[in-house]
Protein chains: 2
Amino acid sequence: MKKVTMADVAKLANVSKSTVSQYLNKRYEYMSEETRKRIAEAIEELGYQPNVIARSLKQKTTATIGVIVFNMLHMLTTQVLHAIEEECQKRGFQVIVSNSGDDPEKEKRYVDMLLAKQVDGLIIFPTGKNEEVYRRLTAERFPLVFVDRMVPGVEADSILLDNQKAAEMAVDYLASQGYDRIAIVTPPLVAHNVPRMERLEGFRAAMRKRGLDVEDGNIIAADPDALPEVLKQRFAEPKRPNALFAINDLTLMGVLRFVKDAGVRVPDEVAIINIDDVPFADIYTPALTTIAQPTFAMGKKAAERVFEQMKAKKADGPRVFRFSPTLMERTSIKREKK
Amino acid sequence: MKKVTMADVAKLANVSKSTVSQYLNKRYEYMSEETRKRIAEAIEELGYQPNVIARSLKQKTTATIGVIVFNMLHMLTTQVLHAIEEECQKRGFQVIVSNSGDDPEKEKRYVDMLLAKQVDGLIIFPTGKNEEVYRRLTAERFPLVFVDRMVPGVEADSILLDNQKAAEMAVDYLASQGYDRIAIVTPPLVAHNVPRMERLEGFRAAMRKRGLDVEDGNIIAADPDALPEVLKQRFAEPKRPNALFAINDLTLMGVLRFVKDAGVRVPDEVAIINIDDVPFADIYTPALTTIAQPTFAMGKKAAERVFEQMKAKKADGPRVFRFSPTLMERTSIKREKK
DNA sequence: TTGTACGCGTTATCAC
DNA sequence: GTGATAACGCGTACAA
């Protein structure tokens, strides 16, 4: 069934393969009205579908880009992916998605597989622990864009949230409403996780600027699962925080779990703000004030950059794109406190 | 850089392309220890990467499957996709993801594109409005699996929730706790959307079995956006429902929006249950009782079926796989009411 | 305007 | 054991 080839069409239309090829590539000027019609009919009759593989072999381009993410289940990933896919479809490209599960070994394997499949570009949500692999790519000027995290020492386009600003936004808003004992809640801090560190740094800087203390006890780092317990302990100590800044949606879940279990009232006893605009933010009680990432714009940009790199064979210098977060003011923070 | 080909390796190792090919396909018996070593070295030295495209052209198989979903942003989609990807990676396959946005035209285009790219199989979350396309596929015995929705009249493997059972589960649980005025909340009912109809049917059947009335006013169908308003009106009428059964996560959001805005207390004034285990179910107050779909198992099965179809060239008869939902008992329903 | 011949990188089939 | 040589399906000079 699928064995209909150009040759078959040519034969039926009484022309040569090359003419059919011309037709397929819309170079109609090179043929008579007559033959054009015959070819069209032949194609229709046979239900001919060009074999993209054969074309790729010749042209060394597959109209496919590879995306490797470190966690497919993250909402951010889903949304960015969605935008990437949309942007690619517009250009007739398709997307191969791979999930590294944050495992550098897997990530490396997938890069190789994707390369072997001759993808025209790569968008990676990097584990961050494969410098050599990334570098090999950039050295060859292979179209590459990092998303969400960036890799120090690797010169590639990177699409990132303006993490410092996001943290600052949180602190500023909280402080402006009169909160002074603000704690940051984060997954364990690891140096290679740039955004995490940037958010912490932004937090520190903003607190300093506002003349607020950052006590050690108010940097709460724990795995999401352990978080409720850790928070419980912290709240048993003196000088409880009166505001919690969750660094992402996962830690937010830990925070919410805690306030629910411990019966801590929001925002009366503690205010909550977080990065990532979770879908249930405004049906939650109280509605959650959040700092949203422009996920769609980020995905779109990522795709655009790959295409630009594909076009411009010369490297126009890797760039870092910082996207501004948006404060979604709701009610998990009391206004004008004090 | 990437132009290292088999010929280069062959030259460097002083053998012919065929021998290199043998080596690559691990047919070591056919060569001396000696040459084998030389080839290995040559490959290493040149950093040779086989060109999968060329191989595909010859073998007519791409180790790639295509997935077309109707809404990439749905959580169900994400989770099923994740399982599919994992299952494919195990077998060295990769996944091209396309989003139809529930637009039949787009869906059709993507099927064609994917076919042109010679994918070895297709997993589709179907719009349901492309019967001819689907049928063309099954007629050619092309490996095809439907997920989430099924298409009447098209004989293909389908991975589905046991929708009747899910609805029954909701009604049974609600009834067993003493609720009698149960309303079903759903997006607009359209005939080609099989799961939606099945859930409604299951609801009706279960109510009948329990001897409960289904008043017209208690079948609440509206677009998610309009839902809060529609519910508000319904609750202004006499004989309010004392329990709401949301058919999926989207309508659940509408329901929650409504109870929040209208200040209706859950579960005191109205109980809530829904299909789809939303991530915030147990940090919500009250914790949401839900009926979870085994998304991971469903995705895994979908992938497995494609592979089985690929293997067994003869059609072993299309099958429908019904997955049993799980009741996640939480607190949005009062126990032992009355 | 249309046809011929060759190349793309592999694999398969035979000889040697 | 190893090596020519012919496919695979399409694009493209170049010739006609």
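Protein chains get the first letters and strands the later ones, always in sequence-line order, with residue 1 at the start of each.
Between the side chain of B:Gln309 and the backbone N or O of B:Leu144, at least one donor-acceptor pair lies under 3.5 Å. Remark: side-chain polar atoms of B:Asn163 are not paired, donor with acceptor, to backbone N or O of B:Glu198 under 3.5 angstrom. Looking at A:Gln118, its side chain never comes within 3.5 Å of a backbone N or O of B:Ile53 through a donor-acceptor pair. A donor-acceptor contact shorter than 3.5 Å links the side chain of B:Ser100 to the backbone of B:Val69. Of the possible donor and acceptor atoms, none in the side chain of A:Thr64 sits under 3.5 Å from a partner among the backbone N and O of A:Val119.
Think of the region where chain A sits on DNA chain C: with heavy atoms and a 4.0 Å cut, that region ends 5' and 3' at C:dT1 to C:dG9.
Here D:dT2 presents its C1' atom at 16 Å from CZ of B:Arg36, a figure rounded to the nearest Å. Distance CE (A:Met6) to P (D:dT12): 11 Å, rounded to an integer number of Å. Per the geometry, CD belonging to A:Gln59 stands 12 Å off C1' belonging to D:dG9, to the nearest Å. Atom NZ in B:Lys11 sits about 15 Å away from atom P in D:dG3, given to the nearest Å. Look at CG on A:Leu24: it is 14 Å from C1' on D:dT12, rounded to the nearest Å. One atom, CG of A:Asp8, and another, C1' of D:dC10, lie 13 Å apart when rounded to the nearest Å. Per the geometry, CZ belonging to B:Arg27 stands 14 Å off P belonging to D:dT2, to the nearest Å. The distance from atom CG of A:Asn25 to atom P of D:dG9 is 18 Å, rounded to the nearest whole Å.
Of the N and O atoms on the side chains of A:Thr61 and A:Asp120, at least one donor lies less than 3.5 Å from an acceptor on the other residue. A donor-acceptor contact closer than 3.5 angstrom is absent between the side chains of A:Thr127 and A:Asp102. B:Ser18 and B:Ser21 share no donor-acceptor pair across their side chains, judged by distance under 3.5 Å alone.
For A:Glu105, the CD atom sits in a loose shell: 12 or fewer heavy atoms of surrounding residues, nucleotides or ligands are nearer than 6.0 Å. In this structure, A:Lys90 places its NZ atom where more than 12 heavy-atom neighbours from other residues, nucleotides or ligands lie under 6.0 Å away.
Nearest-nucleotide positions on DNA chain C place A:Ser32 closer to the 5' end than the other of A:Ser32 and B:Leu57. Nearest-nucleotide positions on DNA chain D for B:Val15 and A:Arg55 put B:Val15 closer to the 5' end.
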Dump every N/O contact between nucleotides 4-6 of chain D and the protein below 3.5 Å, one line per pair.
residue: D:dA4; atom: N7; partner: B:Ser18; partner atom: OG; Å: 3.2
residue: D:dA4; atom: N6; partner: B:Ser18; partner atom: OG; Å: 2.7

Considering only nitrogen or oxygen atoms on both sides, find all protein atoms under 3.5 Å from nucleotides 14-16 of chain D and state each distance.
none

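Using a 4.0 Å heavy-atom cutoff across all strands shown, B:Tyr48 reaches sugar-phosphate atoms only and no base atom. Counting any heavy atom pair closer than 4.0 Å across all strands shown, B:Thr35 reaches sugar-phosphate atoms only and no base atom.
The side-chain heavy atoms of A:Leu137 and A:Leu115, taken from C-beta on, include a pair separated by under 4.5 Å.
For D:dT12, the OP1/OP2 oxygens have no side-chain nitrogen or oxygen of A:Ser21 closer than 4.0 Å. At least one side-chain nitrogen or oxygen of B:Lys60 sits closer than 4.0 Å to the OP1 or OP2 atom of D:dG9. Checking the phosphate oxygens (OP1, OP2) of D:dG3, a side-chain nitrogen or oxygen of B:Thr19 falls inside 4.0 Å.
For the pair A:Arg36 and A:Tyr28, the cation sits on the ring face: its NZ or CZ lies under 6.0 Å from the ring centre, inside 45° of the axis.
The side chain to side chain contact (heavy atoms under 4.5 Å, CB included) with A:Phe70 is formed by just one residue from the set A:Asn99, A:Asp148, A:Asp103, A:Ile124; it is A:Asp148.
Rounded to 10 degrees, the angle separating the terminal helix axes of the helix from C:dT1-D:dA16 to C:dC16-D:dG1, each built from five base pairs, is 40°.
For B:Pro50, the side chain to side chain contact (heavy atoms under 4.5 Å, CB included) partners at least two apart in sequence or on another chain are B:Tyr48, B:Arg55. With sequence neighbours left out, the side chain to side chain contact (heavy atoms under 4.5 Å, CB included) criterion links B:Val151 to B:Pro126, B:Glu131, B:Tyr134, B:Phe146, B:Val154.
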